[in-house]
Peer 1: 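Structure provided below as structure tokens; questions to follow.
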Amino acid sequence: MPFLILNLFGVLDAKRSGEDAVKSYAMNSGCSYSIIRPGRLVGGPYTNLDLATLFQVEGGASNGVTVQSGDALLGDCKRDVCAEAVLQCLENRECEDVVFSMHRFRASSATASMTAGVSAAAAAAIFLSYPARMERDHHHDVQYSISRETIQQHTTSNNNIMTAWSSSLLDSNYWLRSNIPTKCEAVNNKKMDTVNNNKTFASNTPATVYGEEEESNSANGRINYYYKRMNPNDVDRTSLMESHAIFGPLWGEGLIERYHVYKRINTNNEHPQIVLQSPRELTVVDLKVGKKLNGHDGIIHGGIISLLFDEAMGWAYECLQQQDQIDSSGMIIVTANLTVNFRAPFLAGSEAVIRVYHNETKGRKIYFSARLESKDGRVVFAEASSLFVLARKDKLRMKER
Ligand SMILES: CCCCCCCC(=O)SCCNC(=O)CCNC(=O)[C@H](O)C(C)(C)COP(=O)(O)OP(=O)(O)OC[C@H]1O[C@@H](n2cnc3c(N)ncnc32)[C@H](O)[C@@H]1OP(=O)(O)O
């Protein structure tokens, strides 16, 4: 079809500028993008005002599609299939940073064909048609019912984030992690599968902590750690409501909206046991920042990020103290040095996790490292390292008023 007709009223120009905006946002924020250029949308729901809607064009019985990189295809695309492709792009890393056009496969088969330019993996991801998807969702439902029992067996307290190993009934690639028994997530052992999780295990709770150490951590394939909430029960700095930087003045809507601290508890044969490894993960903070803590418009201030790190490392010290039974009588722990590298803009309103690792202890000096990253671990916003020093309370110079 001639470009002039296709671009009537500047439609294609508008689409192109939309795509450019998506790409530049992705580049600036460190996330990936997938751009789908479907053919004319046909099939229900009939919401727009074109001829396909007027005549309720179904687009044929096939859910198969043909995809090709760039912009070469011309044809129809069913709305539901297009929606499916969007979901597939969200779920599959192979679809990161790809641009492709997609139209209805014209043969009667429910499979799809692929033409050059889109990677086989991306195409394979996109090609899942509805029947395949429904089967998969059903599979996930089965996982859910089994895993809930598994989680209940493993759960020691409602405040625990559980990592429960699925029984042999489950696909061995999946394991489960939950912050309370009825709200759980299935996570693919090798690759996060968060979209399915959210769909299958609708969660009202904000705190879900992801990890990346499951492979190195599991000699026999079992997951052998879980996380236990430290605040407000275990150690309660929220009691410093009035004066504590995070839980006081900077706490609330638009400010720091969530700061849940979890300590990692390693287990061996399901009995809690400390596994010594260095650097070892001590704490994970599940946090959410609001929209009133910016430096530049829409970007969280670096000083706030440093504060979030400093606090997280303070909790890591608490954790270390509990585990290693550091004798700190008459002493106070303070930050002597904190170095932060800002890797990607941390956007206002974001949720993220901070993971804190213990690197080394030398006498009174304790070295930590930490990472502020997206919940799925795919974007690192900042990294930090610190030196905490145990100082004698009576020697600590307090500034006189
Ligand atoms: C559980 C609660 C968590 C709370 C989380 C929040 C923590 C905070 O934000 S605390 C507030 C910010 N920090 C402060 O106010 C600390 C102010 N600084 C001080 O009081 C002192 O400089 C202090 C205590 C760090 C060190 O003084 P002091 O105890 O006399 O020890 P000092 O002998 O100077 O140093 C001890 C060791 O640390 C090293 N060290 C001290 N400071 C640094 C530094 N900035 N960089 C590198 N090394 C350092 C020294 O070289 C020395 O090493 P070594 O033993 O190998 O010779």
Side-chain angles (χ1 to χ4, degrees), residues 159 227-252 255-265 274 278-289 293 295 300-342 346 352-373 381-401:
N159 280 329
Y227 296 94
K228 183 173 184 293
R229 179 87 183 268
M230 290 183 85
N231 64 339
N233 299 329
D234 198 355
V235 178
D236 189 5
R237 283 220 280 286
T238 50
S239 59
L240 300 168
M241 275 300 185
E242 292 282 302
S243 59
H244 191 279
I246 288 183
F247 301 107
L250 289 177
W251 187 259
L255 306 169
I256 295 167
E257 296 182 354
R258 185 167 72 239
Y259 199 88
H260 291 173
V261 186
Y262 298 88
K263 65 179 169 189
R264 174 167 161 161
I265 296 180
I274 296 162
S278 191
R280 60 178 157 144
E281 186 185 68
L282 289 175
T283 48
V284 175
V285 179
D286 175 28
L287 61 90
K288 180 162 193 247
V289 284
L293 296 172
I300 296 296
H301 198 295
I304 296 290
I305 294 173
S306 306
L307 168 70
L308 297 172
F309 270 129
D310 196 16
E311 178 71 9
M313 289 163 165
W315 286 91
Y317 169 77
E318 305 267 13
C319 191
L320 200 62
Q321 195 187 25
Q322 289 175 9
Q323 288 181 1
D324 293 353
Q325 295 168 340
I326 295 173
D327 179 13
S328 60
S329 47
M331 310 282 265
I332 186 170
I333 192 78
V334 289
T335 318
N337 176 278
L338 176 67
T339 304
V340 182
N341 290 313
F342 302 98
F346 186 39
V353 293
I354 294 178
R355 298 180 176 282
V356 185
Y357 300 85
H358 173 232
N359 289 34
E360 198 179 7
T361 297
K362 276 189 191 166
R364 294 194 289 133
K365 298 189 293 184
I366 301 159
Y367 294 86
F368 296 110
S369 56
R371 232 174 27 242
L372 173 69
E373 63 187 21
F381 302 109
E383 291 164 320
S385 55
S386 70
L387 165 64
F388 276 60
V389 172
L390 266 173
R392 274 184 49 189
K393 275 184 190 161
D394 56 357
K395 278 187 69 182
L396 201 67
R397 286 186 293 273
M398 299 284 193
K399 214 171 175 181
E400 296 291 329
R401 277 176 187 275

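What you see is a predicted model; the values in this text were computed from it and never measured. Atoms within each ligand, like the ligands themselves, are counted from 1 in listed order.
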Peer 1: I'd like to check whether Trp315 has a polar contact with ligand 1, where a contact means an N/O of the residue lying under 3.5 Å from an N/O of the ligand.
Peer 2: no

Peer 1: Run through Tyr317, Phe309, Phe388 and flag the one making a ring pair (Phe, Tyr, Trp, His ring centres under 6.0 Å) with Phe368.
Peer 2: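 Passing option: Phe388.
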
Peer 1: Using a 4.0 Å heavy-atom threshold (strictly under), name the region of Lys365 that reaches ligand 1: side chain, backbone, both or neither.
Peer 2: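 Only the side chain of Lys365 comes within reach of ligand 1.
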
Peer 1: Please report whether ligand 1 has a polar contact with Tyr317, defined as an N or O pair separated by less than 3.5 Å (distance criterion only).
Peer 2: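 In fact, backbone or side chain, Tyr317 has no N or O that close.
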
Peer 1: Relative to each other, are the rings of Trp251 and Phe247 parallel, tilted or perpendicular (30° and 60° limits)?
Peer 2: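 The arrangement is tilted - the two ring planes meet at 30° to 60°.
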
Peer 1: Does Arg237 come within less than 4.0 angstrom of ligand 1, counting non-hydrogen atoms of the residue?
Peer 2: yes

Peer 1: Taking only residues two or more places apart in sequence or in another chain, which ones pass side-chain contact (heavy atoms from CB on, under 4.5 Å) with Ala245?
Peer 2: Leu307

Peer 1: Pick, from Val389, Thr339, Leu387, the option with the minimum heavy-atom distance to atom 49 (C) of ligand 1.
Peer 2: Leu387

Peer 1: Which one of Leu320, Val285, Val235 satisfies the side chain to side chain contact (heavy atoms under 4.5 Å, CB included) criterion with Trp315?
Peer 2: Val235

Peer 1: For ligand 1, indicate whether the residue Glu318 contacts it via side chain, backbone, both or neither (heavy-atom separation under 4.0 Å).
Peer 2: side chain

Peer 1: Number the atoms of ligand 1 from 1 as they appear, then name those within less than 4.0 Å of a heavy atom of Ala391, with their elements.
Peer 2: 24 (C), 29 (O)

Peer 1: Ser239: which residues meet the side-chain contact (heavy atoms from CB on, under 4.5 Å) condition with it, sequence neighbours left out?
Peer 2: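 Once residues adjacent in sequence are excluded, the partners of Ser239 under the side-chain contact (heavy atoms from CB on, under 4.5 Å) criterion are Asp236.
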
Peer 1: Kindly indicate whether the side chain of Met313, heavy atoms from C-beta on, has any atom under 4.5 Å from the side chain of Leu338.
Peer 2: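 The answer is yes; the side chains approach within 4.5 Å.
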
Peer 1: Nearest heavy atom to atom 44 (C) of ligand 1 wins, so pick from Ala336, Ala312, Ser306.
Peer 2: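 Going through Ala336, Ala312, Ser306 one by one, Ala336 has the nearest heavy atom to atom 44 (C) of ligand 1.
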
